[in-house]
Amino acid sequence: MLIDTDLLLSYGAKEQSFTPLEIVFNEGSTPRYYYQIVNGKIKLNHYNGDGKELILAILTSGFSVCELLLFIDKKYPVNAVVIEECKILKLPKTDFEKMLDENHTLSRDINKFLSERLYYKYIMLENNLSTHAEVRILGVLDYYKSFSPNQTLYSYEVLLTRQQLASMIGMRVETVIRTVKKLEKQNKLEIRRGKIYI
DNA sequence: CCATTAAATGGCC
DNA sequence: GGCCATTTAATGG
C-alpha cells in the first residue's frame with residue numbers, strides 16, 4: 001500500500017464503507033481528502049461528449065485515489081465510482097499535509113509513487129495512440145501484470161471485463177473480444193472460462 | 001427455475 | 001473498427 005494504515009489512523013483517518021455504484025467524489029468537485037482503498041475496487045471515469053465512458057484507471061486495495069489533486073489547486077477531472085464493495089480510509093487534506101511535513105521519508109515515497117504513475121501514463125498514452133487494437137489492449141494488460149509478483153506467462157488473471165477494457169482504450173467491446181481472441185491464437189495470452197490470463 | 005450480466009458471433013456499413 | 005441484433009455461458013437469488 002502507499003501509506004501505512006496505522007500512520008494514516010494516527011493522523012485521524014476514518015474508515016468509510018461504500019457499495020457498488022456509490023460515488024466517492026464527482027468530476028468538478030474540490031479535492032478535500034486523501035483516500036486510500038483498504039479493500040474493494042474503484043474506477044476513475046469521465047464521459048465524453050458522445051456520452052461514451054472513458055475509464056482512466058481501475059484501483060484496488062492499497063492504492064490511493066487521485067492523490068495528486070492534493071498537491072495542486074484544481075478540481076477533480078474525473079469521477080470516482082465504486083465498482084466492488086469498498087472500505088476506504090479518508091484523511092482531511094490539512095491532516096494529510098501535516099503528516100507529510102512531519103514524515104520526510106513518506107514524502108519521498110509519495111514522490112516515487114507519483115513518478116511511477118506518470119511514467120506509466122506515458123507508456124499508456126503511446127500505446128493508446130496506436131492504430132492497432134492489439135497494441136492498445138496489450139498495453140493495458142501488461143500494465144496490470146506489472147504489479148504482479150509472478151511474471152510467468154499465463155500466470156496473471158486479468159480482473160477486468162471486456163467492456164472495462166474497451167472503455168480504457170476507447171474502443172468497442174466487440175473489438176476487444178475479437179482482438180483478445182486473436183491474441184490468444186498468437187499465444188500472447190490465454191482464455192479460460194472467459195477470463196484472460198497473461 | 002428465471003433474471004441479469006458478460007462473452008461471443010455474424011451481418012452490414 | 002463501429003453498430004446492431006442475437007445467441008450462448010455463467011452467476012446468483
Side-chain angles (χ1 to χ4, degrees), chain A residues 15-28 35-66 76-88 117 119-198:
Chain A
E15 192 173 274
Q16 196 175 335
S17 294
F18 291 86
T19 55
L21 299 184
E22 279 194 284
I23 309 291
V24 182
F25 55 74
N26 272 302
E27 181 173 342
Y35 298 97
Q36 187 164 299
I37 304 174
V38 177
N39 57 46
K41 205 178 262 190
I42 291 177
K43 68 177 172 184
L44 303 181
N45 73 3
H46 168 83
Y47 291 91
N48 65 21
D50 319 325
K52 224 171 103 179
E53 180 187 30
L54 177 64
I55 296 181
L56 281 304
I58 289 187
L59 306 166
T60 52
S61 311
F63 284 89
S64 53
V65 187
C66 253
Y76 281 119
V78 292
N79 307 291
V81 186
V82 173
I83 50 181
E84 275 176 25
E85 184 139 359
C86 267
K87 283 196 173 51
I88 302 175
R117 282 242 133 197
Y119 168 78
Y120 276 110
K121 285 291 171 190
Y122 280 110
I123 307 280
M124 299 283 257
L125 183 56
E126 289 172 359
N127 288 329
N128 276 337
L129 284 174
S130 166
T131 52
H132 304 290
E134 300 95 311
V135 177
R136 298 203 206 181
I137 291 174
L138 280 177
V140 176
L141 299 185
D142 286 340
Y143 169 68
Y144 273 89
K145 183 172 179 173
S146 73
F147 291 102
S148 167
N150 187 350
Q151 291 297 310
T152 316
L153 191 61
Y154 308 147
S155 68
Y156 181 74
E157 180 184 353
V158 179
L159 297 173
L160 299 169
T161 65
R162 307 290 194 274
Q163 179 60 66
Q164 287 170 338
L165 264 171
S167 298
M168 296 177 89
I169 63 173
M171 289 187 156
R172 290 301 178 170
V173 220
E174 299 93 325
T175 305
V176 170
I177 290 171
R178 288 168 176 134
T179 307
V180 165
K181 297 212 132 199
K182 200 163 120 192
L183 288 169
E184 185 184 32
K185 286 196 180 70
Q186 298 169 8
N187 299 315
K188 301 281 181 55
L189 53 81
E190 210 170 71
I191 302 172
R192 301 200 291 265
R193 291 169 256 99
K195 291 288 175 192
I196 299 170
Y197 293 83
I198 188 167

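- In this structure, A:N128 atom CG and C:dG1 atom P are separated by 12 Å, rounded to whole Å.
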**OP:** Report, as a single string ordered 5' to 3', how protein heavy atoms within less than 4.0 Å touch nucleotides 2-7 of chain B: B base, S sugar-phosphate only, - not at all.
**Re:** -----S
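- Taking the side chain as every heavy atom from C-beta outward, A:Y156 and A:V158 approach each other to under 4.5 Å.
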Subject >> Base versus backbone protein contacts along nucleotides 3-13 of chain C [heavy-atom cut-off under 4.0 Å; B, S, -] >> reply: BB---------
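- Other residues, nucleotides and ligands place more than 12 heavy atoms under 6.0 Å from the CZ atom of A:F147.
- Remark: the backbone N or O of A:I191 is paired with a side-chain donor or acceptor of A:E184 at under 3.5 angstrom.
- In this structure, the side chains of A:N45 and A:S167 stay at 4.5 Å or more apart for every pair of heavy atoms.
- With rounding to the nearest 0.5 angstrom, the CD atom of A:E157 is 11.0 Å from the OG atom of A:S148.
- The aromatic rings of A:F25 and A:Y76 lie parallel to each other, with less than 30° between the two planes, well short of the 60° mark.
- Once rounded to the nearest 0.5 Å, the distance linking NZ of A:K188 with CG of A:L141 reads 11.5 Å.
- From A:I88, atom CD1 reaches atom CG of A:N39 across 9.5 Å, with rounding to the nearest 0.5 Å.
- A:T179 comes within contact range of no nucleotide atom at all, as no heavy-atom separation falls under 4.0 Å.
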